Enquirer: 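So that we are looking at the same thing, I have put the structure below in structure tokens.
Remember, it's a predicted structure, so these values are computed and weren't measured experimentally. Below, chain A is the first sequence line, B the second, and so on; all start at residue 1.
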2 protein chains.
Amino acid sequence: MAQPAPRRRDAAATREALLQAARHLLAERGATQTTTRDIAAEVGVNQALINRYFGSKESLFVEAVRGGGASVSELIATSPIEHLPEGILREVLDASASGRGSSALLAGVVNNDTITEIIREMVEDTFTRGLGDRLGGDDAGLRAELLNALVVGIAVMREKIGSQALRAADFDDLAKYVRRMAVPLLADD
Amino acid sequence: MAQPAPRRRDAAATREALLQAARHLLAERGATQTTTRDIAAEVGVNQALINRYFGSKESLFVEAVRGGGASVSELIATSPIEHLPEGILREVLDASASGRGSSALLAGVVNNDTITEIIREMVEDTFTRGLGDRLGGDDAGLRAELLNALVVGIAVMREKIGSQALRAADFDDLAKYVRRMAVPLLADD
DNA sequence: GAGCTAAGTCAACAGCTGATTACATAGACC
DNA sequence: GGTCTATGTAATCAGCTGTTGACTTAGCTC
């Protein structure tokens, strides 16, 4: 991967590189199928550094997951509500394609109690409360979580299972249907 | 299937019990976090029987996954289209709650190439073609896969992540919103 | 350039996992 | 009752995994 700092020894840069590799492999394979040796190899360092810098493999994953999801959260706070379905879809699919960790993508991958709990908290902050408060009306939290579930389902079926039509569709087509499905959620009646 | 006499030695019954335990643990923990010893312990037999009856752990999982999904497929073929969103949702959530393997639930759990490929084929048969043909119109396959994605996303967020509002909602509330979201998919304009 | 500290490597560990082999026995058949 | 085979167990193997501690070395300070 790209090594921005040309310095041979740079603890901060190495730490960050390990986090990025962890996010990438976590999204691609999941926690249990990613070994510390895999992560270290992607960065080009020795696996022992993971324990030196993070204490354990799980702590590395926890920190890697905590770093994700911020962009969706910001989008929900700032974007006009009618643009949210398309915006969230784009953000999640982009995060998935570029290998960045996203709570939505990880949802389909993780089977670790600690990481699952972190994702649950992030979803609650971002959707149940964050989007729910903006939506208002009956079942605001439920409606917000349903929008999240739709986008998560699309990401999982595209990236993990490889559903044909979902993969073949270009983004605008996909966004068109997502907008239509989301309309009943955005209305607060 | 009929469970005959409580014989102490019954290869067919033992084989079936191993398949059931495999489906249960596969849905609960995923493939990599389920060991042959776990599966055998749930049945109460020695782990060596897995290799005797199925050749390998992976072959057991493949056979276990192939057995699931039939009920959704039948539903799609026989139920009136307007009842499908609620029906599929119920079927997937029931399968998830009872620990039966369902392609939708497994989608959130599996990180094994062979199993993923089987699920992809099942989704294609059941939704892309099965439901797509019934829907007709533009993007029929895509619209069918989007309904699947919605239900999969709901199942994953409920069972794997534990999203609060999705778990707290009773089925009728959930079904109400799913129906509303699915309306734009069922129409063929 | 000598010395020190942080950054990184190396080798080995203990535990777990899937698989294999040799062995034990229930239960049908004669 | 004796025998034979399918059914099941126990012990073990080889490979992988996360973690650890001892060692090496780059690069700054004086």
Side-chain angles (χ1 to χ4, degrees), chain A residues 1 3-26 28-65 109-115, chain B residues 1 3-26 28-65 109-115:
Chain A
M1 299 307 271
Q3 294 280 10
R7 280 177 290 183
R8 300 266 305 276
R9 288 192 170 197
D10 184 335
T14 302
R15 232 190 91 100
E16 191 54 41
L18 285 171
L19 280 169
Q20 282 188 358
R23 285 195 196 96
H24 168 222
L25 292 172
L26 197 52
E28 191 170 291
R29 308 182 197 168
T32 52
Q33 280 193 324
T34 298
T35 71
T36 56
R37 286 167 177 83
D38 291 338
I39 300 168
E42 187 164 307
V43 175
V45 298
N46 191 277
Q47 49 142 359
L49 287 187
I50 287 173
N51 292 91
R52 175 189 287 274
Y53 288 144
F54 301 94
S56 70
K57 176 194 178 188
E58 182 168 65
S59 299
L60 164 61
F61 280 156
V62 165
E63 195 169 326
V65 171
V109 179
V110 165
N111 268 93
N112 172 298
D113 288 344
T114 310
I115 300 180
Chain B
M1 286 302 196
Q3 292 281 9
R7 279 178 290 179
R8 299 262 309 275
R9 290 193 168 196
D10 183 335
T14 303
R15 232 189 91 101
E16 191 54 41
L18 285 170
L19 280 169
Q20 281 189 357
R23 286 195 194 96
H24 168 223
L25 292 171
L26 197 51
E28 190 170 292
R29 308 182 197 168
T32 52
Q33 281 194 323
T34 300
T35 71
T36 56
R37 286 168 177 82
D38 291 337
I39 301 169
E42 187 164 308
V43 176
V45 298
N46 191 276
Q47 50 137 0
L49 287 187
I50 287 174
N51 292 90
R52 175 188 289 277
Y53 287 143
F54 301 93
S56 69
K57 175 194 178 188
E58 182 168 66
S59 299
L60 164 61
F61 279 157
V62 165
E63 195 169 327
V65 171
V109 178
V110 165
N111 268 92
N112 173 297
D113 288 345
T114 309
I115 299 179

Enquirer: Once you apply a heavy-atom cut-off of 4.0 Å, does T34(B) come out as touching a base, just sugar-phosphate, or nothing?
Expert: sugar-phosphate
Enquirer: How long is the straight-line distance from CZ of R15(B) back to CG of L18(B), given to the nearest 0.5 Å?
Expert: 9.0 Å
Enquirer: dC16(C) P sits how many Å from Q33(B) CD, rounded?
Expert: 15 Å
Enquirer: Within this structure, what is the CG-to-C1' distance between D38(B) and dC16(C), rounded to whole angstrom?
Expert: 11 Å
Enquirer: For N46(A) and R37(A), find the nucleotide of DNA chain C closest to each by heavy atoms; which residue's nucleotide sits nearer the 5' end?
Expert: N46(A)
Enquirer: Rounded to whole Å, how long is the line connecting atom CD1 of I50(B) with atom P of dT21(C)?
Expert: 18 Å
Enquirer: Which nucleotide wins on minimum distance to the side chain of A48(A), given the candidates dT9(D), dT20(D), dA6(D)?
Expert: dT20(D)
Enquirer: Find the distance I39(A):CD1 to dG18(D):P and express it as a whole number of Å.
Expert: 8 Å
Enquirer: Can you tell me how far the OG1 atom of T36(A) sits from the NZ atom of K57(A), to the nearest 0.5 Å?
Expert: 7.0 Å
Enquirer: How many angstroms lie between CZ in R29(A) and NE2 in H24(A), if you round to the nearest 0.5 Å?
Expert: 8.0 Å
Enquirer: Counting side-chain heavy atoms from C-beta on, which of dG21(D), dT12(D), dG8(D) comes nearest to Y53(B)?
Expert: dG8(D)
Enquirer: Is the shortest side-chain N/O distance from T36(A) to OP1 or OP2 of dT17(D) below 4.0 Å?
Expert: no
Enquirer: If each of A12(B) and Q47(B) is mapped to the nucleotide of DNA chain D with the nearest heavy atom, which maps nearer the 5' terminus, i.e. the 5' end?
Expert: A12(B)
Enquirer: Measure the distance from CG on L49(B) to C1' on dG18(C) and round it to the nearest whole Å.
Expert: 14 Å
Enquirer: Rounded to the nearest angstrom, tell me the gap between atom CD in E16(B) and atom P in dT7(D).
Expert: 15 Å
Enquirer: Distance check: side-chain N/O of N51(A) vs OP1/OP2 of dT19(D), anything under 4.0 Å?
Expert: yes
Enquirer: Just to be sure I understand the rule, does A11(A) reach a base, reach only the sugar-phosphate, or reach nothing, if contact means heavy atoms closer than 4.0 Å?
Expert: sugar-phosphate
Enquirer: What is the separation between atom NZ on K57(B) and atom P on dG18(C), rounded to the nearest whole Å?
Expert: 4 Å
Enquirer: With nearest nucleotides of DNA chain C determined for E58(B) and R52(B) from heavy-atom distances, which residue corresponds to the more 5′ nucleotide?
Expert: E58(B)
Enquirer: Check L26(B), V45(B), I50(B), L49(B) against I39(B) for a side-chain contact (heavy atoms from CB on, under 4.5 Å) and give me the one that passes.
Expert: I50(B)
Enquirer: Compare side-chain N and O positions of T35(A) against OP1 and OP2 of dC16(D) and report whether any pair is under 4.0 Å apart.
Expert: no
Enquirer: State, to 0.1 Å, how close F54(A) and S59(A) come at their nearest heavy-atom pair, and which atoms those are.
Expert: O-CB, 3.1 Å
Enquirer: Round to a whole Å and report the spacing from CG of L18(B) to P of dT9(D).
Expert: 10 Å
